[in-house]
Colleague: 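Next up is a structure, given as structure tokens.
Sequence lines set the chain letters: A, B, ... in the order given, protein chains first and strands last, and positions in each chain run from 1.
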Number of protein chains: 2
Amino acid sequence: MAEDAPRRQPTLDEVAERAGVSRSVASRALNNAPHVSRAKREAVERAVRQLGYVPNPTARALATRQTGAAALVVSGEDPSIFADPFFAQVIVGASAALEEADLHLMLCLAASDRGRKRVEELLRSKGADGVMLMALREDDPLGRMAAEAQMPVVFGGRPVGPAPRWYVDVDNAGGAREATEHLVSRGRRRVAAICGRLDTEAGRARYRGYRDAMLGAGLDPLPPREGDFTEPSGAAAMAALLADHPDVDGVFAANDNMAAGALRTLREAGRRVPADVAVVGFDDLTVAQIADPPLTTVHQPIEAFGREMARMLVALVNGQDPTPLILPTRLVIRSSA
Amino acid sequence: MAEDAPRRQPTLDEVAERAGVSRSVASRALNNAPHVSRAKREAVERAVRQLGYVPNPTARALATRQTGAAALVVSGEDPSIFADPFFAQVIVGASAALEEADLHLMLCLAASDRGRKRVEELLRSKGADGVMLMALREDDPLGRMAAEAQMPVVFGGRPVGPAPRWYVDVDNAGGAREATEHLVSRGRRRVAAICGRLDTEAGRARYRGYRDAMLGAGLDPLPPREGDFTEPSGAAAMAALLADHPDVDGVFAANDNMAAGALRTLREAGRRVPADVAVVGFDDLTVAQIADPPLTTVHQPIEAFGREMARMLVALVNGQDPTPLILPTRLVIRSSA
DNA sequence: GCTTCCAATGGGAGCGCTCCCAGGTGCCCC
DNA sequence: GGGGCACCTGGGAGCGCTCCCATTGGAAGC
């Protein structure tokens with residue numbers, strides 16, 4: 001009755017032996033490849049069941065030269081950048097798409113030197129079948145490494161500089177323009193922008209969108225007021241803004257976190273939102289709904305962003321040549337503007 | 001000048017040949033193992049540099065029977081559970097600890113059937129050197145799978161039922177008790193609890209802490225008002241609470257998201273916080289600081305949680321036998337209570 | 001009935017690394 | 001001066017799988 005606990009995992013050879021076939025046939029049966037008779041196929045299946053056989057992914061990887069994993073690399077100087085719920089949603093999307101392709105997700109936070117070194121090694125050693133790269137800053141060494149890697153690379157968000165061959169991005173400039181135009185259409189004239197880091201393309205593009213909208217409306221854009229996409233930086237930027245331009249009546253913040261910070265500063269300064277100052281954010285994360293007042297914000301399809309990035313990578317891994325993708329944004333009007 | 005782009009990665013054999021040594025010596029030099037003369041060691045290093053050699057992790061994995069990766073599995077029926085910023089912080093901590101041990105992080109969202117199946121396969125095929133398991137619900141099949149796996153498994157948060165051999169957890173009951181006692185000490189008498197999912201141990205323990213504190217103060221605990229750790233569920237629970245107990249003057253919410261929802265409902269119902277109703281949350285995520293009013297909440301060391309989980313796993317992988325860990329919580333007093 | 005063809009089969013050579021072991025060298029010590 | 005005894009060294013056997021290829025046998029075609 002008591003089954004001897006097998007110390008070692010059964011191997012394909014043992015399955016083959018038990019099924020009375022050769023290893024080749026067993027392998028073909030397992031990968032349901034052609035050229036296996038019905039009888040033997042069934043014999044193999046039976047043996048697999050009896051032995052509780054599971055193929056060894058490492059051995060398979062070595063033989064096929066495919067790891068069965070895709071890496072998602074998040075750059076940035078500070079690991080806490082990853083605490084932004086934005087990434088969690090990207091991961092949910094990417095994970096779903098990779099699951100369909102039966103690829104595992106390796107997550108690499110390339111904040112520390114050590115982390116970057118490990119990513120470089122991953123890239124050079126083909127430790128994954130492909131890589132998704134996010135949150136690159138200007139002159140990020142990861143960009144160069146990726147270019148040199150003999151491996152499919154998809155960028156999540158274009159990096160600063162020339163656009164890479166494969167990327168998924170969001171219409172940052174368009175979204176920012178729409179947000180700013182909304183403020184202007186509500187009669188705001190002294191509209192300022194709290195920007196994200198200007199060493200990222202997203203930060204730059206969103207400022208460009210703001211500026212274009214202002215110029216288009218015949219208004220003077222204010223110079224960029226740089227934050228780092230965090231709530232405190234938004235609060236600080238808003239405070240500085242109030243000091244320099246007490247008459248500001250509209251604010252476009254390059255993400256919801258900073259918008260929330262701006263809201264806090266405005267509340268503390270006794271300014272009513274939106275009566276005195278209207279505020280628009282970007283991202284449409286949970287914080288936008290929770291904020292008081294709820295934030296009017298530029299919605300971006302974050303989960304789709306992750307999903308499309310992964311799908312593009314899968315296509316590349318399968319030898320196809322997908323085209324870059326720019327996802328649309330859409331203004332969600334709540335009460336802050 | 002123009003270097004021929006080598007189509008194939010150089011192998012250890014080529015390094016050895018170039019360095020004029022055997023493969024064994026090259027291997028030892030690479031892993032800086034003993035029994036290699038200084039001269040040959042340097043020759044190998046030179047050859048590595050000239051050839052741009054990077055060891056093939058898959059081949060190494062096959063030979064050593066170690067994958068060099070640890071998996072973080074997040075269970076739950078809905079992938080969006082992962083959108084909770086809680087997990088992002090856990091990942092930051094875990095990632096840092098794994099980086100020290102030179103292990104890669106595989107992230108598995110085991111929400112769909114397909115996802116669970118893949119985790120099972122991972123477990124059975126030893127596709128990773130160890131696994132961290134989080135967010136298990138009652139009777140979660142993952143628990144059984146993990147128990148059967150011939151692989152180190154660390155639980156992040158104890159599952160419902162008997163405690164596993166290795167886990168990292170937070171003092172949920174203690175934190176909840178402290179939170180509730182705080183409300184009582186501020187003179188609140190009609191204190192309710194908005195619970196998390198009661199099919200998770202965290203949800204249960206936090207309710208137990210609330211109940212114990214109430215009983216300890218000679219007050220009647222209200223029956224659990226169950227949410228699912230999301231903001232809307234907190235808002236809904238609060239609304240139901242107001243309907244059933246209009247005289248409620250204190251609320252302990254089992255996490256910050258639900259507390260934020262409660263805040264919203266209270267605001268819409270015209271109740272002042274904390275004057276009419278005091279609210280305490282749990283987690284101390286960013287949302288607690290952003291909320292209006294800022295939330296008094298039970299701080300838990302989330303990043304440390306992830307870090308310790310990973311460290312425990314690394315210890316197990318290295319053949320040690322670490323002891324389970326329960327991390328302390330601490331009440332952070334802001335203005336909501 | 002004999003060639004032709006193709007599905008089915010199993011042998012064997014890798015994939016690129018680790019690690020055990022047998023053999024070889026120099027050096028110290030009695 | 002010879003027998004240990006370090007330390008080096010390289011050969012070779014795996015790790016568990018895939019896949020090419022030569023071989024077989026039976027069905028189909030003439």
Colleague: Looking at dC17(C), dT9(D), dG10(C), which one has an atom nearest to any side-chain atom of Val21(A)?
Modeller: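 The listed nucleotide nearest to Val21(A)'s side chain is dG10(C).
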Colleague: Consider the side chain of Ser22(A), meaning its heavy atoms from C-beta on, and name the nucleotide among dG10(C), dG16(D), dG16(C) that approaches it most closely.
Modeller: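 Of the candidates, dG10(C) comes closest.
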Colleague: Round to a whole Å and report the spacing from NE2 of His35(A) to C1' of dG25(D).
Modeller: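 The answer, rounded to whole Å, is 15 Å.
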Colleague: Hey, is Glu121(A) close enough to Arg118(A) for a salt bridge, meaning N to O under 4.0 Å?
Modeller: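 A salt bridge is absent here (no side-chain N lies under 4.0 Å from a carboxylate O).
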Colleague: Charged N to carboxylate O below 4.0 Å: is that the case for Asp199(A) and Arg137(A)?
Modeller: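 A salt bridge is absent here (no side-chain N lies under 4.0 Å from a carboxylate O).
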Colleague: Which heavy atom in Val73(B) sits nearest to a heavy atom in Leu142(B), and how many Å separate them?
Modeller: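 Closest pair (atom of Val73(B), atom of Leu142(B), distance): CG1-CD2, 3.7 Å.
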Colleague: Can you name the closest pair of heavy atoms from Phe87(A) and Ala135(A) and give their distance?
Modeller: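 Looking at all heavy atoms of both residues, the shortest contact is CZ-CB, 4.1 Å.
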Colleague: What pairs of nitrogen or oxygen atoms, one from the protein and one from nucleotides 18-25 of chain C, lie under 3.5 Å apart?
Modeller:
unit_1	atom_1	unit_2	atom_2	d
dT18(C)	OP1	Asn31(B)	OD1	3.4
dT18(C)	OP1	Asn31(B)	ND2	3.2
dT18(C)	OP1	Arg60(B)	NE	3.0
dT18(C)	OP1	Arg60(B)	NH2	3.4
dT18(C)	OP2	Ser27(B)	OG	2.7
dT18(C)	O4	Arg23(B)	NH1	2.5
dC19(C)	N4	Ser24(B)	OG	3.3

Colleague: Taking atom CG as the centre, does Asp321(A) end up with more than 12 heavy-atom neighbours from other residues, nucleotides or ligands that are less than 6.0 angstrom away?
Modeller: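 Counting neighbours around CG of Asp321(A), more than 12 heavy atoms of other residues, nucleotides or ligands fall under 6.0 Å, so yes.
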Colleague: Round to a whole Å and report the spacing from CZ of Arg41(B) to C1' of dC8(D).
Modeller: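 For the pair Arg41(B) CZ and dC8(D) C1', the rounded distance is 11 Å.
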Colleague: Before you tell me yes or no, could you show the steps for Ile91(A) and Phe82(A) under side-chain contact (heavy atoms from CB on, under 4.5 Å), namely the whole-Å CA-CA distance, both residues' side-chain angles and the distance that decides it to 0.1 Å?
Modeller: CA-CA 11 Å; Ile91(A) 287 175; Phe82(A) 182 73; 3.7 Å; yes
Colleague: For Arg65(B) and dA13(D), what is the distance between atoms CZ and P respectively, to the nearest whole Å?
Modeller: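 In whole Å, dA13(D) P and Arg65(B) CZ are 18 Å from each other.
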Colleague: Write down the distance between CG (Asn32(A)) and P (dA7(C)), rounded to a whole number of angstrom.
Modeller: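 Rounding to the nearest Å, CG of Asn32(A) and P of dA7(C) are 17 Å apart.
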Colleague: Take Tyr53(B) and Arg38(A), find for each the nucleotide of DNA chain C with the closest heavy atom, and name the residue whose nucleotide sits nearer the 5' end.
Modeller: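 Nearest nucleotide further toward 5': that of Arg38(A).
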Colleague: In whole angstrom, what separates Asn56(A)'s CG from dC15(C)'s P?
Modeller: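 Going from CG in Asn56(A) over to P in dC15(C) covers 18 Å.
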Colleague: With a 4.5 Å heavy-atom cut-off, do Thr67(A) and Lys126(A) have their side chains touching?
Modeller: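 Not touching, per the 4.5 Å side-chain cut-off.
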Colleague: Below the 4.0 Å mark, does dT9(C) have OP1 or OP2 next to a side-chain nitrogen or oxygen of Lys40(A)?
Modeller: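 Yes, Lys40(A) has a side-chain N/O under 4.0 Å of OP1/OP2 on dT9(C).
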Colleague: Does a side-chain N or O from Ser37(A) land closer than 4.0 Å to OP1 or OP2 of dT9(C), or not?
Modeller: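 It does, given that an N or O in the side chain of Ser37(A) lies less than 4.0 Å from OP1 or OP2 of dT9(C).
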Colleague: Round to a whole Å and report the spacing from CD of Gln66(B) to P of dG16(D).
Modeller: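 Rounded to whole Å, this separation is 14 Å.
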Colleague: Please give, in whole Å, the distance from dG16(D) P to Glu14(A) CD?
Modeller: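 Interatomic distance, CD of Glu14(A) to P of dG16(D): 9 Å.
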Colleague: Rounded to whole angstrom units, what separation is found between the CG atom of Leu62(B) and the P atom of dG16(C)?
Modeller: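 It is 12 Å, rounded to the nearest whole Å.
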